[in-house]
Q: 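Following this message is one structure expressed as structure tokens.
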Amino acid sequence: MNAVLDILSLRRRSIAVRLAVSALLASSAILLIAAWILTTLYRENTERAFDSRLLVYANNLATDLVSPSDPEQRSFTLGDPRFDLPLSGWYWQVGRPDAKPRDLRTSRSLVGVPLKPATSPDGKAGIGQIRQGYGRGQDERLLRIIERDVDLGEEGRYTVRVAGPADEIVNDVDRFRFSLFVTFGLLGLFLALTTLLQIRFGLAPLAQMRAALGAIRRGEADRITGEYPRDIAPLAGEVNLLIETNREILERARTQVGNLAHALKTPLSIIVNEVGSADAPEDLAFKIREQAAVMRDQVNYHLDRARAAALAGTLGTSTEVEPALAGLVRTFGKIYRDKDIAYEVSVPAGLRFRGERQDFEEMVGNLVDNASKWANARVAIRAEAVAQDNYPHLLVAIEDDGPGLPPEAREAVLGRGRRLDETKPGSGLGLSIVADLATLYRGRFRLEQAALGGLRAVLEVPGDAPAGVAHH
């Protein structure tokens, strides 16, 4: 189960991580297999070299054995003092296969204890051929043993057995294994570094394309530019074609919305003008003008929403927040100059809204207008970059020191055209327009209790942080 989860987790990782992990696993497996093969081959070569040394002693003993004299009285000399040191690990023994211990001829190093045959011979051999393997000495020391049978005809068959300490083989193989692991470790580190460089170099075009798409999203470019490898050049072309097609569709939508606005507003204006010049009763004329104004507001509302819906998906469109807010503050400062409102604006330089400036001013302007209507003396505007679902967003919070709204009234005021106080001017569509535009931009809009005591309006829409500034 854990292995399955690890595989699924790896699939969700970036391409660079997947390539690095797969290369690491493959390289590690190859190096481990190579180390095992080389260690095995080195052990076999070391054993053969050690066996060759023992075979020289065995052949010397066999030569002495076949000399023309009584086998029981022959003298066996190897000229190596290690065979004279008690329990040195270097032993030899000559005797019949079924001989009793007292009838065996042995080296002084055995101190009278017979040398047992190898418990794990490497293979079976006939008369005159060699058998080799490992065994244990009387002190339980691991020995490398080699033996051969010598047929003396009428005198019978004798077995020549020579042993040496296997420590030499084990120590030699251990030293080789350590050197091999150090070498392969350094090689693996070098391979890891070169693999990372290859991945970085190989994925550089994708990083370049990602940067180009980011520039389009931020409004710094209108298409993907630059040279790309043949593998992903078609992708860049398709994305550019998609951007162009999207732009053409949105331009046609703008044109249709403009035509519809002209087609509806002109007859409404004619109706209002005709009612004013006709000899209609005053109450009827007032009613027609009132309903025509309501129709004009509704037409403007739905046309703005249709235009915003078309523009909300436009790629490469962005608006700098600081100058837009500064313009709104100047405008509403003049409109509400009689109230002498103090506007407090906090916005980092370089903060951007991913969308049309007109839509941003429509949303924030309605909120500033609403706050200015109800404020006693202060309106605070704060904008910052936040992270939502791993994507950068713009958060604009506007609060006033007015009477505020109870929680149950905050949902009601977002209803289209709903006004809680008819004494204030306006059509009542302002906050609902803000909520609809925020939804079209896949953002959020909510009302809260302000720290200043009044109402706090929070708008969260797609945006980009200033360069070098991390998202909250």
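These figures come from a predicted structure and were not determined experimentally. Heads up: numbering here begins at 1 and tracks the sequence.
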Q: Is the backbone N or O of Gly443 less than 3.5 Å from a side-chain atom of Glu460, with the two atoms forming a donor-acceptor pair by type?
A: no

Q: With distance as the sole test, does Asn366 use its side chain to make a donor-acceptor pair with the main-chain N or O of Glu362 at under 3.5 Å?
A: yes

Q: Can you find a heavy atom in the side chain of Asn370 that is under 4.5 Å from one in the side chain of Leu455?
A: yes

Q: Side chains of Tyr134 and Ile145: closer than 4.5 Å at any heavy-atom pair?
A: no

Q: Could you tell me which non-hydrogen atom of Ala62 sits nearest to which non-hydrogen atom of Val150, and how far apart they are?
A: CB-CG2, 4.0 Å

Q: Taking only residues two or more places apart in sequence, or in another chain, which ones meet Arg382 in a side chain to side chain contact (heavy atoms under 4.5 Å, CB included)?
A: Ser346, Glu384, Leu395, Ala397, Arg456

Q: Check Ala383 against Val321 and note the closest heavy-atom contact, atom names and distance.
A: CB-CG1, 4.2 Å

Q: Side chains of Arg444 and Thr439: closer than 4.5 Å at any heavy-atom pair?
A: no

Q: Does the Gln138 side chain pair with the main chain of Leu110, one donor and one acceptor, at a distance under 3.5 Å?
A: yes

Q: Which atom pair, heavy atoms only, marks the closest approach of Pro114 to Leu104?
A: CB-CD1, 3.9 Å

Q: With heavy-atom distances below 4.5 Å as the criterion, would you say the side chains of His393 and Arg442 are in contact?
A: no

Q: Measure the spacing between CD of Glu147 and CG of Leu115 and express it to the nearest 0.5 Å.
A: 8.5 Å

Q: Is it the case that the side chain of Arg105 and the backbone of Gln93 share a donor-acceptor pair, with hydrogens and angles ignored and the cut-off at 3.5 Å?
A: no

Q: Short question: side chain of Arg141, backbone of Ala166 - any donor-acceptor pair under 3.5 Å?
A: no

Q: May I ask you to decide whether Asp51 forms a salt bridge with Arg144, counting only side-chain N to carboxylate O separations under 4.0 Å?
A: yes

Q: Salt-bridge test for Asp149 and Arg131: reply yes if a basic N is under 4.0 Å from a carboxylate O, no otherwise.
A: yes

Q: Between Val17 and Leu19, does a side chain to side chain contact (heavy atoms under 4.5 Å, CB included) hold up when you go through it step by step?
A: CA-CA 5 Å; Val17 173; Leu19 290 175; over 6 Å; no

Q: Can a salt bridge be assigned to the pair Glu168 and Arg53 using a cut-off of 4.0 Å between side-chain N and carboxylate O?
A: yes

Q: Considering non-hydrogen atoms only, spot the tightest contact between Thr319 and Gly355 and give its length.
A: OG1-O, 2.8 Å

Q: Any carboxylate oxygen within less than 4.0 angstrom of a Lys/Arg side-chain nitrogen, looking at Asp80 and Arg82?
A: yes

Q: Is the side chain of Ser107 donor-acceptor paired with the backbone N or O of Trp92 at a distance under 3.5 Å, no angle test?
A: yes

Q: Taking C-beta and beyond as the side chain, do Arg108 and Pro86 meet within less than 4.5 Å on heavy atoms?
A: no

Q: Compare all side-chain heavy atoms of Val396 with those of Ile398 and state whether any distance is below 4.5 angstrom.
A: yes

Q: For the atom pair CZ (Arg148) and CG (Leu65), what is the distance rounded to the nearest 0.5 Å?
A: 10.0 Å

Q: List the steps, then state whether side chain to side chain contact (heavy atoms under 4.5 Å, CB included) holds for Val461 with Met363.
A: CA-CA 10 Å; Val461 288; Met363 291 185 287; 4.3 Å; yes

Q: Does Arg136 CZ have over 12 foreign heavy atoms under 6.0 Å away?
A: yes

Q: Please report the shortest heavy-atom distance between Val160 and Ala58, naming the atom on each side.
A: CG1-O, 3.8 Å

Q: Does any part of the side chain of Met209, heavy atoms only, come nearer than 4.5 Å to the side chain of Leu235, both counted from C-beta?
A: yes

Q: Can you list everything that forms a ring pair (Phe, Tyr, Trp, His ring centres under 6.0 Å) with Phe360? Sequence neighbours excluded, please.
A: Phe353

Q: Measure across Ala20 and Leu196 and return the closest heavy-atom pair with its distance rounded to 0.1 Å.
A: CB-CD2, 4.3 Å

Q: Could you list all the ring-ring contact (aromatic ring centres under 6.0 Å, His included) pairs where at least one residue sits in residues 27-67, not counting sequence neighbours?
A: Tyr42-Phe176, Phe50-Trp90, Tyr57-Phe83

Q: Main chain of Gly226, side chain of Tyr228: is a donor-acceptor contact present, judged purely on distance under 3.5 Å?
A: no

Q: Assess the residue pair Val364 and Leu459 against the criterion (side chain to side chain contact (heavy atoms under 4.5 Å, CB included)); give the C-alpha distance rounded to whole Å, side-chain angles, the decisive distance to 0.1 Å, and a yes or no.
A: CA-CA 8 Å; Val364 179; Leu459 177 65; 4.2 Å; yes

Q: Give a yes or no answer on whether the side chain of Asp401 reaches the backbone of Arg378 with a donor-acceptor pair at less than 3.5 Å.
A: yes

Q: Roughly how far apart are Asp167 CG and Asp172 CG, rounded to 0.5 Å?
A: 12.0 Å

Q: Given side chain to side chain contact (heavy atoms under 4.5 Å, CB included), test Ile381 with Val368 step by step and report yes or no.
A: CA-CA 8 Å; Ile381 305 171; Val368 176; 3.9 Å; yes

Q: Determine yes or no for a side-chain-to-main-chain donor-acceptor pair under 3.5 angstrom, with Gln449 supplying the side chain and Gly453 the backbone.
A: yes

Q: Excluding sequence neighbours, so at least two apart, what forms side chain to side chain contact (heavy atoms under 4.5 Å, CB included) with Thr245?
A: Leu241, Ile249

Q: With rounding to the nearest 0.5 angstrom, report the CD1 to CG distance, Ile130 to Leu55.
A: 4.5 Å

Q: To the nearest 0.5 Å, what is the distance between CG on Leu394 and OH on Tyr441?
A: 12.0 Å

Q: Output the distance between atom OG1 (Thr225) and atom CD (Gln208), rounded to the nearest 0.5 Å.
A: 8.0 Å

Q: Not counting sequence neighbours, which residues clear side chain to side chain contact (heavy atoms under 4.5 Å, CB included) with Leu206? List them please.
A: Ile15, Leu203, Ile232

Q: Is a side-chain N or O of Ser27 found less than 3.5 angstrom from the main chain of Leu24, in a donor-acceptor match?
A: no

Q: For a 4.5 angstrom cut-off between non-hydrogen side-chain atoms, does Val434 reach Leu367?
A: yes

Q: Show every side-chain hydrogen bond (donor to acceptor under 3.5 Å, both in side chains) that has at least one partner inside residues 183-197, sequence neighbours left out.
A: none

